[in-house]
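Each chain gets a letter, A, B and so on, in the order its sequence line appears, and its residues count up from 1. All values below were derived from every heavy atom in this structure, side-chain atoms included, with hydrogens, water molecules and symmetry-related copies excluded.
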Amino acid sequence: MFYTFKEIEEKWQKEWERQKIFSVNSSSGRKKYYLLEMFPYPSGKIHMGHVRNYTIADVAARYKIMQGFNVLHPMGFDAFGQPAENAAIKNKTRPDAWTRKCIEWMKVELKKMGFSYDWDREISTCDSSYYKWNQWIFLKMFEKGLAYKRASAVNWCPSCATTLANEEVIEGGCWRCHTKVEQKDLEQWYLKITDYKEKLLEDLAQLKDWPDRVFSMQSNWIGRSQGVEIYFKLKEADKTIPVFTTRVDTIFGATYIVLAPEHPLVKKIVKGKPQEKSVLDFIDKVSQESKVVRQASDVKKEGVFTGAYAVNPVNNEEVPVWIADYVLMEYGTGAIMAVPTHDQRDFLFAKEHNLLMRIVIKDPEFKAQNPNETSQAYEGDGTQVNSGQFNGLPNQEAKIKIAEWMEKEGIGKIQTHWRLRDWLISRQRYWGTPIPMIYCKKCGTVPVPYDALPVKLPADAPFTGEGGSPLGKVKEFVECSCPKCHGSARRETDTMATFFDSSWYFLRFCSPNFDQGPFDRQEVKYWMPVDQYIGGIEHAVLHLLYSRFFTKFFQDLGYVDFNEPFTRLLTQGMVLKDGEVMSKSRGNIVDPDSIIQRYGADTLRLFILFAAPPETELEWDDRGIEGAHKFLNRVWRIRENLKEKADQDLIKVMHRLIKRITEDVESFKFNTAIAAMMEFVNAIYQSAADREVFSNLLIMLGPIAPHFCEELWQSLGNKESILKASWPKYDPALLVEENVTIVVQVNGKVRSKIDVPAGISESEIKKLVLADEKLKPWLQNKPIKNCIVVPNKLVNLVI
RNA sequence: GGGCAAGUGGUGGAAUGGCAUACACGACAGACUUAAAAUCUGUUGGCCGUAAGGUCGUGAGGGUUCAACUCCCUCCUUGCCCACCA
């Protein structure tokens, strides 16, 4: 006999919607709880990753509702982006029509899962009522000098025909299509996220409930490194070359310096020298190499001598100036001091080109003082040698002393360098938020006035896929009048990166229809910050960093009174099939809808929570889903055998399990919570359960299998939704056992178990243990050296 | 190259100093059935043993401890992040 999941699920989905049971407002007297999942890109179908993400969140939401919280649990769509445009090119549709259809399909599937969303708050970033506020935020940033336009070498994806942010380049390829990224000189809009680098790094410390992984990924990405900028004077010209180092303790071993080939000084210092031609040839060669090739770590380090010399300021030694491909213009000062004995790259380069080496840090384990005897650079700690007045100091101590001394002497400056770059947000794409800027021949770059927002995206544009901004081809869009002089002017035709849209959507959910600003400050004050955020680890750097940046910006504007948007973060693991990530290209996709058809949403929810803890990878198993379904049927049948009065022992078991399940659900250990419920059900089958016992089981299973439990709850005669029932409490008095089983070990090995009354004294336990017949062969009258007693648990006899 | 995480039965996993393998899947057996499915009830880490029981066992090796999957050190493997970053 099976429960009829299809009818039951449809019935309750309709009922929840009719009652508007998940609609919330800020005027409730209850304590707020804001639960948020990373909103999806509307591709049209939900996949197992979505199911897992949203099921985890839904259990938490329903649990919090039952705990009496005022739970905000919204859903929306990150609707701008390239796939819509690509689909438009392929299927000859319009991106907005395609996107809206996808959203409708997706909503149907999300609703079939029974998720507890407040659909009244639904937002789509492609609605002008949303992206109007993207433009508003952009203008505010422009006002504050945080949005600016500059020409520079940018990452360019030839396949997507658009620029990419640094964060969107993964191993030299495009994050979306993996095409090798090229460098292109373009004038583009940037956001000055670097203004917030210190705060973004420091405030990570507040995020105690974030996974360590995300924490370290963010701090790696921001990449603070402390060191010294050292000034090397050029010998023949009145010029100084600053270099940056984190190893100022090795300065006395700096026997040459190396500039990046693009370094502006290079061409000046080689002028007229015999080396001029070889240097220019080398620069030419390097410039033709792509960044990817150049950054591959196995490539041999190449370089040439410039013919110039500089002076090492600590010992006035003349050192040759080289250029080499392994020095990058983008990092530090674009020039390095080379210490071949204590840096492996410098070592290889010096060997190749026969450059002077000098040991300045003595490896405590290694006796050689002659660099020729070493086969690699020593990068560890040691004692200073050949380092003038700093000889004999441990290098870590010398690092500080040398830096201070150099600052005093005016030959160096203690400095901090950062890896974080400004955020490039211009995209040469149609399906995004138009950047609200106007170019006037007379007035220059002029922002669109606030009251002229939104700058609406024209309904259609010619997509050729050939690159260049499609908006540039829409005459009615481009041509406009200058807000200042009213003369003829042109609009900016690039659109914003879609990560802009998702950097503040969590604020919009607090007041999704507010039209006086991006959000209602009172509502935000009530709901924010997000108490629990749930999503994929793939957003650990991009989206989470940008959202933190926006939040800090709003704080500086005085619009919010907190500095971090997400108090707790849970990053759910991926769903695998046969050990591999489910993907179309691998052809190992399991479609959630087919599982819902066959077993129902409740079974799918139960399985996906039971199969693995939320943070770890989950291996999809078709047999496991059968098991989950069987369990629900087993619960269903309990109702037929309810007794007038439950067995007293079962009640005790129940209280113990209420404790365990509550603790597990509270800490998102849904897999063990379900295991405990299964034990509970096994205990019921071995015993006699009554209505109350069964009700408690239903309430606790409710967040996991909501339709199923609502139906049984109603069949017990309850008039209101199970969501209005309060979470069961356990009676601590019933947890106390009269007898406990004590494990008896001899020399750490289990040899016996004895039942004793709970809470008896150590000496009584010892007496009982020594009387135990089972232990006789092990003890054999050997003297007992030690006896460890762990109350109510274990005794260990050491002989 | 650097950083972080993980490694437990046939499988997913549980236990974070105190009985290793909870719970489930799978497998095997029994009950019900003309039969099958479903359901219910058992058994199920390896080795030795008819059994009682013994013994080995949480990637490998070492250490701390009365006691280690758990803490420390070395190594191996896998995954993720960063990376000619000075």
Counting only side-chain N and O atoms of [X], is one of them less than 4.0 Å from OP1 or OP2 of [N]?
X: Arg751(A); N: rU55(B); result: yes
X: Asn682(A); N: rA22(B); result: no
X: Arg345(A); N: rG1(B); result: no
X: Arg634(A); N: rC40(B); result: yes
X: Gln686(A); N: rU41(B); result: yes
X: Lys749(A); N: rC56(B); result: yes
X: Arg213(A); N: rG3(B); result: no

Note: for Asp621(A) and Phe244(A) on RNA chain B, the residue whose nearest nucleotide lies more 5' is Asp621(A)
How do Lys630(A) and Glu626(A) order along RNA chain B: which one's closest nucleotide is nearer the 5' end?
Glu626(A)
Mind checking which stems touch RNA chain B? I mean at least 3 consecutive Watson-Crick or G-U pairs, both distances under 3.5 Å.
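Only these stems qualify: B:1-7 with B:76-82, B:10-12 with B:23-25, B:26-31 with B:39-44, B:45-48 with B:53-56, B:59-63 with B:71-75.
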Classified by glycosidic angle (syn within 90° of 0, else anti), rG9(B) comes out syn
How would you summarise protein contacts on nucleotides 72-77 of chain B per nucleotide, using B for base, S for sugar-phosphate only and - for none, with heavy-atom distances below 4.0 Å?
------
Protein heavy-atom contacts under 4.0 Å, written 5' to 3' over nucleotides 13-20 of chain B as B (base), S (sugar-phosphate only) or - (none), form the string SS---BB-
Sorted by chain and residue number, the side chain to side chain donor-acceptor pair (under 3.5 Å) partners of Arg639(A) (sequence neighbours excluded) come out as Ser715(A)
Which residues pass the side chain to side chain donor-acceptor pair (under 3.5 Å) test with Thr333(A), sequence neighbours left out?
none
Which nucleotide sits closest to the side chain of Ala675(A): rA86(B), rC81(B), rC23(B)?
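Selected nucleotide: rC23(B).
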Of all the nucleotides listed (rC66(B), rC81(B), rC23(B)), which has the minimum atom distance to the side chain of Asn220(A)?
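Between rC66(B), rC81(B), rC23(B), the one nearest the side chain of Asn220(A) would be rC81(B).
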Distance (rounded to the nearest 0.5 Å) between Thr616(A) OG1 and Leu576(A) CG
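Between Thr616(A) OG1 and Leu576(A) CG, I get 9.5 Å after rounding to 0.5 Å.
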Give a yes or no answer on whether the side chain of His417(A) reaches the backbone of Phe244(A) with a donor-acceptor pair at less than 3.5 Å.
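Judged by distance alone, no pair lies under 3.5 Å.
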His539(A): which residues meet the side chain to side chain contact (heavy atoms under 4.5 Å, CB included) condition with it, sequence neighbours left out?
Met38(A), Phe499(A), His543(A)
Applying side-chain contact (heavy atoms from CB on, under 4.5 Å) between Arg660(A) and each of Glu679(A), His655(A), Met677(A), report the one that passes.
Glu679(A)
Distance only, no hydrogens: is a donor on one side chain within 3.5 Å (strictly under) of an acceptor on the other, for Arg419(A) and Asn220(A)?
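No, Asn220(A) and Arg419(A) have no side-chain donor paired with an acceptor closer than 3.5 Å.
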